[in-house]
Structures are given as structure tokens and as C-alpha cells.
Amino acid sequence: MIKSNTNDNLQINGKILKSRFFIGTGKFSNNRNMPDVIHAANASVVTVALRRANQGSHEENILDYIPDDVILMPNTSGARTADEAIRIAHLSKAMGCGSWIKIEVISDNRYLLPDNMETLKASETLVKEGFTVLPYISPDLMTAKRLCDTGVAAVMPFAAPIGSNRGLRTKELVQILIDEIDLPVVVDAGIGKPSEAAECMEMGAAAVLVNTAVATAKDPLKMAQAFSKAVDAGRTAYLAGIGRVLGTISASASSPLTGFLHKEEA
């Protein structure tokens with residue numbers, strides 16, 4: 001099994017994370033399977049939609065299935081404006097869910113694309129209030145830079161529309177964020193295969209968040225393991241430095257072609 005470089009820990013707002021694989025908790029057919037899947041994923045951060053938490057209720061509470069050894073990061077799913085996202089963040093903290101918050105503001109019902117402007121407004125307020133803010137955004141450089149200026153802990157650009165499993169459709173834009181901003185870039189939404197998670201990490205992403213691809217797999221536990229290994233492999237490849245790519249249609253032998261079976265011609 002490929003293991004992360006022990007000197008290559010991801011640190012977000014002073015927290016050292018044991019892995020670079022974040023996992024979401026929506027869409028699982030059975031909450032009781034989640035602890036095993038989260039452990040199989042070796043995930044360090046777990047996101048939960050606060051509207052699925054029912055503390056104080058006799059109904060099943062998703063928070064009861066989140067292991068204690070991970071960082072709980074509620075999200076503001078369902079918020080359509082900055083004010084609604086801020087209200088959800090306050091509720092989260094009041095419920096004892098800690099100070100990490102994934103800002104998710106979506107007012108587009110068809111494509112479920114994040115509203116970057118409202119996300120920026122909510123982030124500004126919540127950073128000032130002491131939250132560890134990780135905003136989910138469309139991969140736009142100017143928005144990412146403004147979010148960095150507000151003091152967010154990381155940015156989370158989408159790879160493809162949320163829940164689509166369509167892969168890394170925003171590759172060039174995500175690469176610009178990785179190259180141009182000084183905060184961790186956590187690729188979120190749309191990743192459908194472990195190979196796509198590995199590609200994100202090979203590009204230099206700090207981490208990857210996956211939900212639907214694991215939750216809807218035939219065997220979620222095995223798929224979580226596959227993603228975990230892919231994230232480690234991609235990170236190791238990034239640290240190793242990707243080999244050269246020839247610029248023309250040609251080849252380059254990996255071993256000498258002469259002096260073995262036949263003598264070289266004079």
C-alpha cells in the first residue's frame with residue numbers, strides 16, 4: 001500500500017490532517033455503513049449537510065455516525081444567499097459542530113453551480129467571527145484571490161457539476177488556481193473515478209473531496225479504499241515530479257538500441 005510521506009502533512013488553519021482525502025456523507029443508502037466507509041477511506045475531514053442533523057430529535061441523527069477521530073465540517077447546503085449561509089453556520093456552531101464550515105451557496109436549481117459573489121460575502125463575515133472557512137466555488141481566479149484576502153483556510157473549486165461524476169471538466173481553470181494562489185486548493189464535486197482524483201493530486205491539488213462516486217458505487221467501502229489509494233498515489237507522483245512529455249509525434253527509447261545483438265555500423 002502506498003503511504004503518504006510523513007513529512008508531507010497537509011495543514012489547514014493549524015490542524016495537521018492525516019490524509020488528503022475528504023469525504024461527503026450525502027446519498028449513502030444507509031447511515032449505518034458510513035463509519036466503515038469513512039475508516040476505509042482513511043479520511044481526515046468529513047462533510048455533513050447541517051439540514052440532515054437532528055440533534056434533540058428522536059429521529060435518526062447523521063451526526064451519530066461520524067467517527068470521533070475525524071474533523072467534522074458541516075456545509076451550508078440549502079443556502080441560496082450569504083445571509084442564509086451565515087445563519088446555517090451559526091446553527092452549526094450552536095449545535096456543537098465546531099468551527100469548520102464549508103460555505104455552499106447555490107441559487108441555480110438546474111446546474112447547481114455555486115454563487116461566487118454570495119459565497120464571498122458569507123466568507124468575509126464568518127472569517128471575522130472566527131470560523132475556519134472553506135468555500136465551495138466555481139474555479140475563478142479573481143474570486144479565489146478575493147477569498148484569500150478575506151482569510152479563508154482553503155478554496156474548493158468544482159471539477160464538474162455537483163453529483164455528476166463527470167470528472168475533471170474544469171482542469172485548466174483548477175490548475176490556474178493551484179499555480180496562482182497561496183492557499184490549499186481542495187477539488188470538490190464532480191469527481192467520478194479514483195483515476196480522476198489521482199489526476200487532481202498530480203496537478204498539485206492539496207486534497208480532494210468525494211461523495212457521490214463513493215456513495216453510489218456498488219461497493220462503497222471498496223470504492224473508498226480505491227479513492228484513498230489514488231489520492232496517495234497522485235500526491236506521491238506530484239512530489240516525485242512528473243516526467244517529460246515529448247512535444248512532437250516521436251518516441252524515445254528507455255534502453256540503448258545499439259550494441260547488443262548487432263555491432264554498431266562504423
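Values in this document were obtained by computation on a predicted structure and should not be read as measured data.
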Using the rule that Ile, Leu, Val, Met, Phe, Trp and Tyr join whenever any side-chain heavy atoms are under 4.5 Å apart, tell me whether Met117 and Met142 fall into a single cluster. no

Apart from Val186 itself, residues in the same hydrophobic cluster as defined by side-chain heavy atoms under 4.5 Å: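 Its cluster mates, by chain and number, are Leu10, Ile12, Leu17, Phe22, Val45, Ile71, Met73, Trp100, Leu134, Met156, Leu209.
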
Hydrophobic clusters join Ile, Leu, Val, Met, Phe, Trp and Tyr when side-chain heavy atoms are under 4.5 Å apart, directly or via other members; which others share one with Leu113?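 Answer for Leu113: Ile106, Tyr111, Leu112, Tyr136, Phe158, Ile162.
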
Minimum-distance pair of heavy atoms, taken over all atoms of [X] and [Y]:
X: Ser44; Y: Ser19; answer: OG-O, 2.8 Å
X: Pro157; Y: Pro139; answer: CB-CB, 3.7 Å
X: Pro220; Y: Ala217; answer: CD-O, 3.5 Å
X: Ala43; Y: Lys18; answer: O-CE, 3.1 Å
X: Glu118; Y: Ala82; answer: OE1-N, 2.8 Å
X: Thr76; Y: Val105; answer: OG1-N, 4.5 Å

Any non-hydrogen side-chain atom of [X] less than 4.5 Å from a side-chain atom of [Y]?
X: Leu168; Y: Met203; value: yes
X: Leu177; Y: Leu141; value: yes
X: Ile103; Y: Ile101; value: yes
X: Lys121; Y: Ile86; value: no
X: Leu173; Y: Asp140; value: no
X: Val155; Y: Ile181; value: yes
X: Glu172; Y: Ile176; value: no
X: Ile23; Y: Asn211; value: no

Going by the ring pair (Phe, Tyr, Trp, His ring centres under 6.0 Å) test, which pairs reach into residues 197-229, not counting sequence neighbours?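 Sorted pair list: Phe21-Phe227.
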
Classify the side-chain pair Arg80/Asn109 by whether it contains a donor and acceptor separated by less than 3.5 Å.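 Yes, because at least one side-chain N or O of Arg80 sits under 3.5 Å from a partner of the opposite role on Asn109.
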
Between Thr132 and Asn13, does any side-chain donor sit less than 3.5 Å from a side-chain acceptor?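 Looking only at side-chain atoms, Asn13 and Thr132 do form a donor-acceptor pair, the distance falling under 3.5 Å.
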
Could you go step by step and tell me if Leu72 and Leu63 meet the side chain to side chain contact (heavy atoms under 4.5 Å, CB included) rule? CA-CA 9 Å; Leu72 175 64; Leu63 295 179; 4.0 Å; yes

Set out, in order, the CA-CA distance, both residues' side-chain angles and the distance that settles side chain to side chain contact (heavy atoms under 4.5 Å, CB included) for Cys200 and Ile191, then state yes or no. CA-CA 9 Å; Cys200 294; Ile191 297 297; 3.7 Å; yes

For side chain to side chain contact (heavy atoms under 4.5 Å, CB included), just list the numbers for Val48 and Asn75, CA-CA rounded to whole Å, side-chain angles, deciding distance to a tenth of an Å, and then say yes or no. CA-CA 6 Å; Val48 175; Asn75 66 53; 5.9 Å; no

Can you list the residues that meet the side-chain contact (heavy atoms from CB on, under 4.5 Å) rule with Ala224, with sequence neighbours excluded?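 If we apply the side-chain contact (heavy atoms from CB on, under 4.5 Å) test to Ala224, skipping adjacent residues, the hits are Val37, Ala40, Ala41, Val214.
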
Consider salt bridge (charged side-chain N to carboxylate O under 4.0 Å, His left out). Of Lys193, Lys171, Arg235, which one does Glu199 pass it with? Lys171

If you measure from the Lys or Arg side-chain nitrogens to the Asp or Glu carboxylate oxygens, is any gap between Glu84 and Arg87 under 4.0 Å? no

Sequence neighbours excluded, which residues qualify as side chain to side chain donor-acceptor pair (under 3.5 Å) partners of Arg166? none

Which is it for Asp108 and Asp115 under the side chain to side chain contact (heavy atoms under 4.5 Å, CB included) test, yes or no, and what are the steps along the way? CA-CA 8 Å; Asp108 156 48; Asp115 185 327; over 6 Å; no

Between [X] and [Y], is there a donor-acceptor pair closer than 3.5 Å when you use the side chain of the first and the backbone of the second?
X: Ser123; Y: Thr119; answer: yes
X: Ser92; Y: Ile88; answer: no
X: Thr47; Y: Pro74; answer: no

Within a radius of less than 6.0 Å around NZ of Lys93, do more than 12 heavy atoms belonging to other residues, nucleotides or ligands occur? yes

[atom1]-[atom2] distance between [X] and [Y], expressed to the nearest 0.5 angstrom:
X: Thr236; Y: Asp232; atom1: OG1; atom2: CG; answer: 6.0 Å
X: Ile137; Y: Arg146; atom1: CD1; atom2: CZ; answer: 11.5 Å
X: Asn9; Y: Gln11; atom1: CG; atom2: CD; answer: 8.5 Å
X: Arg20; Y: Asn42; atom1: CZ; atom2: CG; answer: 13.0 Å

Under the side-chain hydrogen bond (donor to acceptor under 3.5 Å, both in side chains) rule, what pairs show up with a residue in residues 173-189, not counting sequence neighbours?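 Qualifying pairs: Lys102-Asp188, Gln175-Asp179.
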
